[in-house]
Amino acid sequence: MRALASMRGISKSFGGAPVLDGVDFDVFPGEVHVLAGENGAGKSTLIKILAGAYSDYRGTIELDGRRVRPVSPLEAKRLGIAVIHQELSLVPPMSVAENLLLGSPLVRAGFVRARAQRAGASAALAEVGLNLDLDGAVEDLPISSRQLLEIAKAVRLEARVIVMDEPSSALNAQDAELLFSIIARLKATGRGIVYITHRMEEIQRLADRVTVLRDGRMVGSREAARMPERELVALMVGREVDDRFPRHGSAPGSVALRVEGFSVRGADRSARPLVDAVSLSVRRGEILGLGGLQDSGASQLLLGIFGGLPGRASGRLEVEGRELSVRRPRDAIDAGLALLSNDRKATGLVLSQSVTANICAASLGRLSTWGWRNPAREAGLAARIGASLRLKAASLDMEAESLSGGNQQKAAIGKWLAADPRILLLDEPTRGIDVGAKHDIYQLMNEWTARGIAILLITSEMPELLAMSDRILVMHRGRITSELSRDEASAERVLSAAMGKVEAAEAAAEGKVRRC
Ligand code: ADP
Ligand code: MG
């Protein structure tokens, strides 16, 4: 069988630094080819070359055996290559139909064939099994529908090669299932799918073939069935990882943070509270895991504790035995709290500023003398924090934007670490980052707790929650439905509590079993 797309000997550098070195990659009709590799391995660059984003590369590309050299994204699209980037390309104020028709060959010189277009848009939605109102505005859709709409758009443009860059990261379990069934359908029609992901579960489930990039080189390419997890991880990180989740429990100390009757109202006053009278405490040196499905309220709980939802949060907070009034994040920071939010772009990294500036951003008061900045002291602190996080950057003077995703996450963590917090609120600290960087972050969590830092951890990855937490609270619709010790916790128990099942013994003890 002939490859739909075949890249040979692809090399590319940025400003003299080689990023890809002689990479071969192809995709056949009817296959899902997973492209794996640590952050910074060169995956996106390889895909962007296929998508016509760069023209200054060496090597060749063939489509259906024909030599091509797409020099613009538009041309790549015309050649049948659709790339769904993590940053979606939809135009939010426009309707579903209008978005589906963007770049459509049917739109010619103002001559709009409205009926044919709507029919085409409907057909594209039907093909991916997405049931949406064509006239609804995209901005009103949840992120998951937008992601799926983006795929419908690729189908609509009759792409034969569809590249998806971590498409599931914004999806809940149900939408991910929908995505997987769409992928199965696209496979059946003979399209070739390139799928970039860090999730082992997805690789096992979807991949026909797996290719691993490391430091710009292809280090392995095999049928998925002949690529066991352990070996895949070893190829990605270039060293054996004996332990995916190296939690070394430490003996918890005194209570660091106590939360009583904490509630967060929805932005719309009449709506149900997002967090409903939650009480919990976390000790020094302890990792308290917060489990739950989407909209469990866990993220709002952390944001509320941190003062990020002024006017909507209420309840009592105590830090190391002293009551704390938090009106804004500054109050929380002063009391030794730090929040790593789950939205990496909103984590407080200013992408256009240097890595050093970002790491020092929350500590300027301490680093300055009578208001005068001290560049040498800032550089010293950034270097120390960068090294402790194993942050990989050509230089700490470069813009945060140029870091790979995993290293951006480390910089965001570094910003809070520099402020020397005693209580860390971590909301999905490893989302969307590669195995090696994840492993580093687990090690760091162990080091922090060994130093007496208390951690509240939200993660949507069940194995991570089970392995890293000393204790787990499960939330459902704003309430805690279960508390599990490390030994009691299992995927089944966490999931059933996350779906709203109140642990019988607990509920009876509190005398408040609610029937719904
Ligand atoms: P991946 O997608 O595997 O995480 P990328 O292809 O995004 O990796 O990046 C590979 C390397 O190229 C990284 O070291 C990254 O910093 C660098 N890089 C990517 N894009 C640019 C760019 N536009 N300018 C300079 N360096 C870049
Ligand atoms: Mg990438």
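Whatever order the structure lists ligands and atoms in, that order sets their numbers, starting from 1. The first residue of the sequence shown is numbered 1, and numbering continues consecutively from there.
Taking a 4.0 Å cut-off on heavy atoms, Gly37 fails to register as neighbouring ligand 1.
Using modelled atom types and a 3.5 Å distance limit, the side chains of Glu464 and Thr430 yield a donor-acceptor pair. Side-chain polar atoms of Ser352 and Glu399 form no donor-acceptor pair below 3.5 angstrom.
Listed by number with element, the atoms of ligand 1 under 4.0 Å from a non-hydrogen atom of Ser402 are 16 (O). Listed by atom number, the atoms of ligand 1 under 4.0 Å from Ser44 heavy atoms are 1 (P), 2 (O), 6 (O), 7 (O). Contact atoms of ligand 1 toward Ala41: 1 (P), 3 (O), 8 (O) (distance under 4.0 Å to a heavy atom of the residue).
Ligand 1 has a nitrogen or oxygen under 3.5 angstrom from a nitrogen or oxygen of Lys43. Not a single N or O atom of Leu403, backbone or side chain, sits closer than 3.5 Å to an N or O atom of ligand 1. For the pair Phe14 and ligand 1, the shortest N or O to N or O distance does not fall below 3.5 Å.
Under 4.0 Å from ligand 1, heavy atoms of Thr45 appear from its side chain as well as its backbone.
Listed for the Arg214 side chain is no donor-acceptor partner under 3.5 Å among the backbone atoms of Gly37. Judged by distance alone, the side chain of Asn99 and the main-chain N or O of Ser95 form a donor-acceptor pair under 3.5 Å.
A ring pair (Phe, Tyr, Trp, His ring centres under 6.0 Å) with His33 is found for exactly one of Phe25, Tyr195, Phe28, namely Phe25.
For residues 5-29, the salt bridge (charged side-chain N to carboxylate O under 4.0 Å, His left out) pairs, not counting sequence neighbours, are Arg8-Asp26, Lys12-Asp56, Asp21-Arg217, Asp26-Arg209.
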